[in-house]
Protein chains: 2
Amino acid sequence: MATGRTHRPATRSRGIPEATVARLPLYLRALTALSERSVPTVSSEELAAAAGVNSAKLRKDFSYLGSYGTRGVGYDVEYLVYQISRELGLTQDWPVVIVGIGNLGAALAGYGGFASRGFRVAALIDADPAMTGKPVAGIPVQHSDELEKIIEEDGVSIGVIATPAGVAQQVCDRLVAAGVTSILNFAPTVLSVPDGVDVRKVDLSIELQILAFHEQRKAGEESNAEADAGAEAEAPAVAPPAPRGSTGATRKGPDGDVPAVMPA
Amino acid sequence: MATGRTHRPATRSRGIPEATVARLPLYLRALTALSERSVPTVSSEELAAAAGVNSAKLRKDFSYLGSYGTRGVGYDVEYLVYQISRELGLTQDWPVVIVGIGNLGAALAGYGGFASRGFRVAALIDADPAMTGKPVAGIPVQHSDELEKIIEEDGVSIGVIATPAGVAQQVCDRLVAAGVTSILNFAPTVLSVPDGVDVRKVDLSIELQILAFHEQRKAGEESNAEADAGAEAEAPAVAPPAPRGSTGATRKGPDGDVPAVMPA
DNA sequence: TACTGTGAACATTTTCACAGCC
DNA sequence: GGCTGTGAAAATGTTCACAGTA
């Protein structure tokens with residue numbers, strides 16, 4: 001079809017903040033665990049602890065969904081599970097294709113929470129003919145020639161890209177052309193997609209780098225008398241290249257003058 | 001001396017906003033690509049496009065690092081690569097342990113951007129004795145009994161948890177007890193850690209659920225005359241449980257009264 | 001001229017604190 | 001009494017728009 005969502009009439013969705021949406025799956029997981037233990041009700045404080053957020057935030061989040069709690073008591077676990085599932089669109093089963101069945105793709109295919117909570121692996125797809133027919137997590141891998149057919153026949157609207165970075169964009173283009181409108185991208189590339197297609201990215205090295213940033217800060221903080229415990233910078237492996245044509249005297253650091261990386 | 005930054009007067013870290021930190025790896029990747037193509041300079045506009053952000057944001061982000069550009073020209077690619085690398089703490093090599101060598105752990109071990117950009121896989125660890133000694137991505141798997149020893153001897157401060165959810169917390173506890181202060185968690189659990197330890201989480205099913213939320217919105221918007229194209233809810237698999245002792249009449253939806261999921 | 005760097009406006013998100021209800 | 005729901009305040013993040021400058 002490729003028609004549809006042309007305009008999007010200013011009403012930019014029925015105001016659930018994006019930050020809240022991103023936390024709903026967290027709440028849902030915590031609630032599901034409570035439900036399995038047959039816990040009937042839960043307070044915002046308890047649930048917040050289980051989900052790893054603070055209770056004020058949780059209550060605010062829930063207030064965007066509606067008034068689903070009972071003052072003086074808390075929230076009915078089953079009822080909330082249902083409401084959040086519905087809000088997230090998990091009362092239906094979304095067929096998903098995974099493209100690129102390497103170690104990562106295989107891991108995703110075998111991921112438990114997949115089949116269970118609202119998603120169904122419609123197909124595993126790989127470009128390598130040697131993979132074709134091989135069952136991974138019980139599902140036979142199909143060749144990428146079949147991609148368009150599968151998407152159209154199964155009405156797949158969510159695709160997962162677990163290919164090498166080099167082919168991610170072309171896989172993405174094919175997915176979109178065939179009708180996929182939501183993509184989860186594990187390849188370390190920026191994908192460009194037309195309006196109306198959502199892309200979310202999961203990137204190991206980015207997460208690690210963010211950790212390294214904070215780790216470095218910690219190291220810098222504790223060293224003081226402990227000195228360089230094999231960590232803090234000095235004699236960097238990479239020579240600091242001067243900006244072209246600079247005298248090297250005027251560079252301004254964020255809070256005054258060139259900080260750190262000054263080997264005395 | 002190796003001292004220097006002695007005081008750090010309460011200044012809760014030298015104010016680089018968290019949102020900016022999270023984007024630095026993106027810029028770094030784009031810059032590295034340019035560097036490999038021997039591009040000498042780049043404008044905020046070009047770099048922003050390559051990184052998938054807008055240029056005002058990028059300039060603002062860089063302004064927190066210092067004045068590293070040249071008006072009328074742009075940014076020196078090599079110089080920026082160095083400055084961002086340093087800021088992220090990537091001019092040193094961080095040893096990392098990966099715990100849990102299933103498909104996911106193996107995928108992480110083999111991840112290219114790993115060894116290259118500032119990180120070194122110090123050890124692969126698995127609880128299964130059958131795995132011990134088996135090389136994965138060229139590195140022999142070690143038994144979890146060795147965990148503490150490895151961490152202490154190698155001065156590992158970053159750990160990656162790729163185990164099943166059930167054992168993630170205990171693995172986490174052991175990592176922390178042994179000296180790890182930054183954890184990247186792939187298990188679908190909330191980890192509790194003492195102050196001073198950073199945890200970042202990567203969670204497939206959360207990302208998928210966020211996509212499903214938006215996907216559902218799209219479906220809801222276009223359908224109207226298109227009706228139920230096998231997607232929109234109705235006759236939900238899960239019966240909507242009423243909150244205990246409710247008459248079912250007073251529930252309030254977010255903008256008035258029970259919206260959506262109303263089969264006419 | 002063509003670009004960066006940045007105050008100031010705007011938008012979103014978090015937190016506080018307390019009124020309202022069971 | 002205990003807990004939710006929510007305005008209002010505070011903090012954080014984004015965008016605008018333009019002064020400054022190589």
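By convention in this document, chain letters (A, B, ...) are assigned in the order of the sequence lines, proteins followed by strands, and residues within each chain are numbered from 1.
One atom, CG of A/L58, and another, P of C/dT13, lie 16 Å apart when rounded to the nearest Å. Going from atom CG of B/L47 over to atom P of C/dA2 covers 20 Å, rounded to whole Å. Atom CG in B/L80 sits about 12 Å away from atom C1' in C/dT4, given to the nearest Å. Atom CG in A/L24 sits roughly 13 Å away from atom P in C/dT13 (whole-Å rounding). Residue B/D61 contributes atom CG, which lies 12 Å from atom P of C/dG5 at whole-angstrom precision. In this structure, A/E45 places its CD atom 8 Å from P of D/dT4, rounding to the nearest Å. Rounded to whole Å, atom P of D/dT4 lies 13 Å from atom OH of A/Y27.
Between the side chain of A/K201 and the main chain of A/V190, no donor-acceptor pair closer than 3.5 Å is present.
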Kindly indicate, with the supporting measurements, whether the criterion side-chain hydrogen bond (donor to acceptor under 3.5 Å, both in side chains) is fulfilled by A/Y79 and A/Q83. CA-CA 6 Å; A/Y79 187 67; A/Q83 290 300 342; 3.2 Å; yes
Output, in order, the C-alpha distance, side-chain angles, deciding distance and verdict of side chain to side chain contact (heavy atoms under 4.5 Å, CB included) for B/R200 and A/I210. CA-CA 9 Å; B/R200 293 191 67 87; A/I210 295 170; 3.4 Å; yes
For A/E87 and B/R217, what are the C-alpha separation, side-chain angles and deciding distance, and is it a salt bridge (charged side-chain N to carboxylate O under 4.0 Å, His left out)? CA-CA 10 Å; A/E87 198 63 61; B/R217 288 294 164 91; 3.4 Å; yes
Derivation and outcome, side chain to side chain contact (heavy atoms under 4.5 Å, CB included), residues B/L80 and B/Y27: CA-CA 9 Å; B/L80 245 195; B/Y27 302 145; over 6 Å; no
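The distance from atom CG of B/L58 to atom CD of B/E45, rounded to the nearest 0.5 Å, is 9.5 Å.
In this structure, the nucleotide among C/dT13, C/dT4, D/dG5 sitting nearest to the side chain of A/E18 is C/dT13. When distances run from any side-chain atom of B/Y64 to the nucleotides D/dT14, D/dT4, C/dT14, the shortest one goes to D/dT14. Residue A/P17 has its side chain nearest to C/dT13 when only D/dT14, C/dT13, C/dT14 are considered. Distances were taken from every side-chain heavy atom of B/A19 (C-beta onward) to each of C/dT13, C/dG5, D/dG13; the shortest belongs to D/dG13.
Residues A/F62 and A/Y75 place their aromatic rings such that the two centres sit under 6.0 Å apart.
Counting any heavy atom pair closer than 4.0 Å across all strands shown, B/F62 reaches no nucleic acid atom.
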Here DNA chain C, pairs taken as Watson-Crick or G-U under 3.5 Å and shown with ( ), [ ] when crossing and | when to another strand, reads ||||||||||||||||||||||
Which pairs, protein N/O on one side and nucleotides 15-21 of chain D N/O on the other, fall under 3.5 Å?
{"from": "D/dT15", "atom 1": "OP2", "to": "B/N54", "atom 2": "ND2", "distance (Å)": "2.7"}
{"from": "D/dG20", "atom 1": "N3", "to": "B/R71", "atom 2": "NH1", "distance (Å)": "3.2"}

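Distances shown here put every side-chain N or O of B/S43 at or beyond 4.0 Å from the OP1 or OP2 atom of C/dC3.
In terms of heavy atoms, A/A212 sits closest to B/L90 at CB-CD2, 4.2 Å.
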